[in-house]
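The structure appears below as structure tokens.
Worth knowing before you read on, the calculation uses all heavy atoms, side chains too, and leaves out hydrogens, waters and symmetry mates.
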Amino acid sequence: MAVTIEELYRNYGILADAKDNLSQHKDAYQVILDGVKGGPKEKRLAAQFIPKFFCSFPELADAAINAQLDLCEDEDVSIRRQAIKELPRFATGENILRVADILTQLLQTDDTAEFNQVNVALISIFKMDAKGTLGGLFSQILQGEDIVRERAIKFLSTKLKTLPEDIMTKEVEEYIFTETKKVLEDVTGEEFVLLMRVVSGLRVLQTVNGRQQLVELVVEQAFLEQALNPADPDTVDRLLQCTRQALPLFSKNVHSTRFVTYFCEHVLPNLSTLTSPVADLDIQLEVLKLLAEMSPFCGDMEKLEANLNMLFTKLLEFMPLPPEEVENGENSASEEPKLQFSYVECLLFSFHQLGKKLPDFLLDKVDAEHLKDFKIRLQYFARGLQVYIRQLRVALQGKTGDALKTEEVITTVNITIESSDLFHNPPSYKSTVTLSWKPVQKTEAAAPKRPSGEEMGSGGSTKKQISPLPRRDTRQIYNPPSGKYSASIGNFSYERGGFRGGRGRGFGARGNRSRGRIY
């Protein structure tokens with residue numbers, strides 16, 4: 001016979017009045033446990049009464065937890081929410097791991113209010129025992145269903161950073177790092193990005209050694225010991241995602257050498273054949289921008305000359321020879337060669353960064369004929385650049401302030417400065433520029449003045465302070481002004497997709513994990 005409301009209240013009263021003699025009223029507590037078999041009202045009362053006296057009956061601990069779990073899976077969502085709300089009260093001693101495991105599995109609910117209740121409960125037991133809670137979370141990440149794994153990883157990536165230092169102790173953070181490395185042995189692209197967000201935010205890893213450990217994690221995922229298959233979009237995607245995760249970690253003490261070397265040896269030679277699973281992504285420009293961003297942090301290279309030679313070769317590819325002229329002085333070609341400023345900005349920047357390490361490269365390592373050819377191309381490119389600058393002046397006429405500080409303007413300035421350096425004899429690598437898509441760090445210097453038309457094409461403009469630019473994945477396509485050169489040098493294609501997260505591709509298919517309730 002099912003337990004009634006009156007019986008539940010009567011036995012609750014017995015237990016409440018027993019005080020120090022609670023353990024003698026095991027039968028009364030059993031009646032409350034049987035309340036989970038009753039109707040909706042009985043179940044709601046049982047959900048509140050069971051945890052209240054849970055600690056007083058250790059011999060009934062398993063029965064009590066199982067009874068509460070039955071309520072957590074009830075068809076009535078209000079009963080489930082009440083049962084979940086009370087679950088943290090069972091998280092005592094050795095039960096913490098089990099409760100954390102249960103709550104992690106309950107993250108798979110599609111009911112928003114219930115999902116939020118599970119999150120609140122997890123945070124609550126986190127404050128009781130962070131390491132024990134993490135044990136339950138990582139257990140499900142490694143062995144649980146896909147939906148549970150996905151939501152548990154997202155929980156870690158969003159909630160850990162909100163916890164105070166007295167909870168996120170050094171021991172807890174080291175445990176997170178250890179367990180995350182196990183998970184990273186078999187992840188999707190999206191999971192990799194989220195888990196890197198988790199470990200990158202750990203205070204224990206905010207040292208040079210810690211950041212180096214993070215880079216090592218990324219290197220393992222990037223498969224830098226393997227040759228690149230440019231025709232496999234997932235392989236290319238994996239490399240780009242890993243590079244993006246590594247970029248913020250690089251510094252003067254944490255070098256990008258292995259990534260830069262890999263790009264020079266495996267990516268640049270296959271630049272024109274690279275494929276990407278992302279629609280409308282200019283994969284070549286994406287690769288060149290990543291290489292440019294990494295190059296300032298490159299350390300000593302074993303094959304520096306060979307890598308510089310590869311950059312030099314790519315520069316020649318993107319800097320065409322001037323069209324031949326026929327006897328009447330007109331161009332023999334029907335169209336002017338296309339000048340792709342964004343590509344050249346990236347390659348020039350990378351060439352300068354590595355060229356600093358071997359400043360005599362153009363004089364001693366490039367034969368006279370190739371050097372002459374390079375300078376002819378560079379001069380022609382510079383002339384086309386000046387034409388484009390004049391077009392920009394017309395397009396920006398009447399505009400002031402930030403409207404003048406476009407990415408296109410900065411691109412022209414950067415190319416002008418670095419090209420001028422290479423015309424020196426011997427070539428110079430001393431100028432410092434900020435890549436056009438990167439925000440410029442503000443200093444306490446005097447307020448910047450508006451750049452004049454002449455400054456847009458002169459090296460002196462590098463000292464002007466430029467407002468931070470929008471994130472590069474929010475840029476709009478720039479439409480160059482019409483005219484004679486619009487079809488030939490107006491190739492500013494900035495809609496690059498800018499994807500930062502994974503798409504669950506390219507990181508291998510995870511093995512089958514157990515299904516169903518495993519409380």
Side-chain angles (χ1 to χ4, degrees), residues 22-23 26 29-30 32-37 43 46-74 79-109 111 114-156 159-160 163 167-169 171-172 174-176 178-180 182-183 198 513-519:
L22 267 171
S23 59
K26 181 178 176 180
Y29 190 58
Q30 184 63 56
I32 290 176
L33 295 182
D34 292 338
V36 302
K37 302 172 184 177
K43 289 178 179 179
Q48 299 174 58
F49 292 170
I50 291 173
K52 185 173 180 64
F53 302 105
F54 169 72
C55 292
S56 299
F57 300 96
E59 68 276 20
L60 293 176
D62 284 343
I65 292 176
N66 288 331
Q68 196 76 6
L69 291 183
D70 287 339
L71 298 176
C72 289
E73 295 182 331
D74 197 85
I79 293 174
R80 295 203 303 270
R81 291 177 196 164
Q82 181 65 48
I84 292 168
K85 180 182 178 181
E86 302 293 342
L87 267 182
R89 300 178 69 173
F90 293 85
T92 57
E94 296 179 355
N95 293 320
I96 185 74
L97 185 63
R98 185 179 179 188
V99 173
D101 193 284
I102 293 165
L103 284 170
T104 304
Q105 293 183 63
L106 292 173
L107 286 170
Q108 65 188 292
T109 178
D111 181 87
E114 186 177 353
F115 179 78
N116 291 337
Q117 188 66 63
V118 174
N119 274 265
V120 170
L122 274 170
I123 292 295
S124 177
I125 65 171
F126 231 112
K127 295 176 181 178
M128 301 177 192
D129 184 343
K131 194 171 178 180
T133 305
L134 286 165
L137 280 159
F138 277 108
S139 172
Q140 284 300 312
I141 289 173
L142 289 167
Q143 302 174 19
E145 296 183 41
D146 286 342
I147 183 64
V148 174
R149 174 187 174 101
E150 174 189 333
R151 294 187 179 180
I153 290 175
K154 287 182 178 178
F155 175 87
L156 291 175
K159 302 300 183 182
L160 288 187
L163 297 173
I167 295 175
M168 295 292 289
T169 63
E171 181 186 4
V172 168
E174 289 175 344
Y175 179 75
I176 292 171
T178 300
E179 294 302 304
T180 299
K182 296 177 185 177
V183 180
V198 170
R513 290 186 293 276
S514 57
R515 297 290 186 267
R517 172 173 166 178
I518 56 171
Y519 302 132

Give, for atom CD of Glu73 and atom CD1 of Ile84, the distance between the pair rounded to the nearest 0.5 Å. 9.5 Å

Taking side chain to side chain contact (heavy atoms under 4.5 Å, CB included) as the test, write out the residues that go with Ala130, two or more places apart. Phe126, Ile167, Val172

With sequence neighbours left out, write down each residue that passes side-chain hydrogen bond (donor to acceptor under 3.5 Å, both in side chains) with [X], or none if nothing qualifies.
X: Gln48; value: none
X: Asp111; value: Arg81
X: Thr109; value: Glu114
X: Lys26; value: none

Compile the donor-acceptor pairs under 3.5 Å between side chains in residues 53-64 and protein atoms, sequence neighbours left out, one pair per line.
{"unit_1": "Asp62", "atom_1": "OD1", "unit_2": "Arg98", "atom_2": "NH1", "d": "3.3"}

Please answer whether the main-chain N or O of [Y] pairs with a side-chain N or O of [X] as donor and acceptor at a distance below 3.5 Å.
X: Gln82; Y: Ile79; result: no
X: Ser139; Y: Gly135; result: no
X: Arg151; Y: Gln108; result: yes

Restricting to salt bridge (Lys or Arg N to Asp or Glu O under 4.0 Å), what partner residues turn up for Lys85, sequence neighbours left out?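 Checked Lys85 against salt bridge (Lys or Arg N to Asp or Glu O under 4.0 Å); zero matches.
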
By salt bridge (Lys or Arg N to Asp or Glu O under 4.0 Å), which residues pair with Lys182, not counting sequence neighbours? Glu179

Give me each pair satisfying ring pair (Phe, Tyr, Trp, His ring centres under 6.0 Å) with a member in residues 134-154, each pair once, sequence neighbours excluded.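 Found none.
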
Could you go step by step and tell me if Met168 and Ile176 meet the side-chain contact (heavy atoms from CB on, under 4.5 Å) rule? CA-CA 10 Å; Met168 295 292 289; Ile176 292 171; 3.5 Å; yes

With Leu137, the side-chain contact (heavy atoms from CB on, under 4.5 Å) member among Leu142, Asp101, Leu156: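 Single side-chain contact (heavy atoms from CB on, under 4.5 Å) partner of Leu137 among Leu142, Asp101, Leu156: Leu156.
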
So Leu22 and Tyr29, side-chain contact (heavy atoms from CB on, under 4.5 Å) or not? Walk me through it. CA-CA 9 Å; Leu22 267 171; Tyr29 190 58; over 6 Å; no

Would you check if Phe155 and Ile123 make a side-chain contact, meaning some heavy-atom pair closer than 4.5 Å?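 They are in side-chain contact.
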
Which heavy atom of [X] sits nearest a heavy atom of [Y], and at what distance?
X: Ile50; Y: Ala67; value: CD1-CB, 4.0 Å
X: Ile96; Y: Ala91; value: CD1-CB, 3.5 Å
X: Met128; Y: Pro88; value: CE-O, 3.4 Å

If you apply the rule side-chain contact (heavy atoms from CB on, under 4.5 Å), what do you find for Gln105 with Glu145, and how did you get there? CA-CA 8 Å; Gln105 293 183 63; Glu145 296 183 41; over 6 Å; no

For Cys72 and Ile102, run side-chain contact (heavy atoms from CB on, under 4.5 Å): C-alpha distance rounded to whole Å, both residues' side-chain angles, the deciding distance at 0.1 Å, then the answer. CA-CA 10 Å; Cys72 289; Ile102 293 165; 5.5 Å; no

Listed once per pair and sorted, the side chain to side chain donor-acceptor pair (under 3.5 Å) pairs that draw on residues 118-136, sequence neighbours left out: Lys131-Glu171

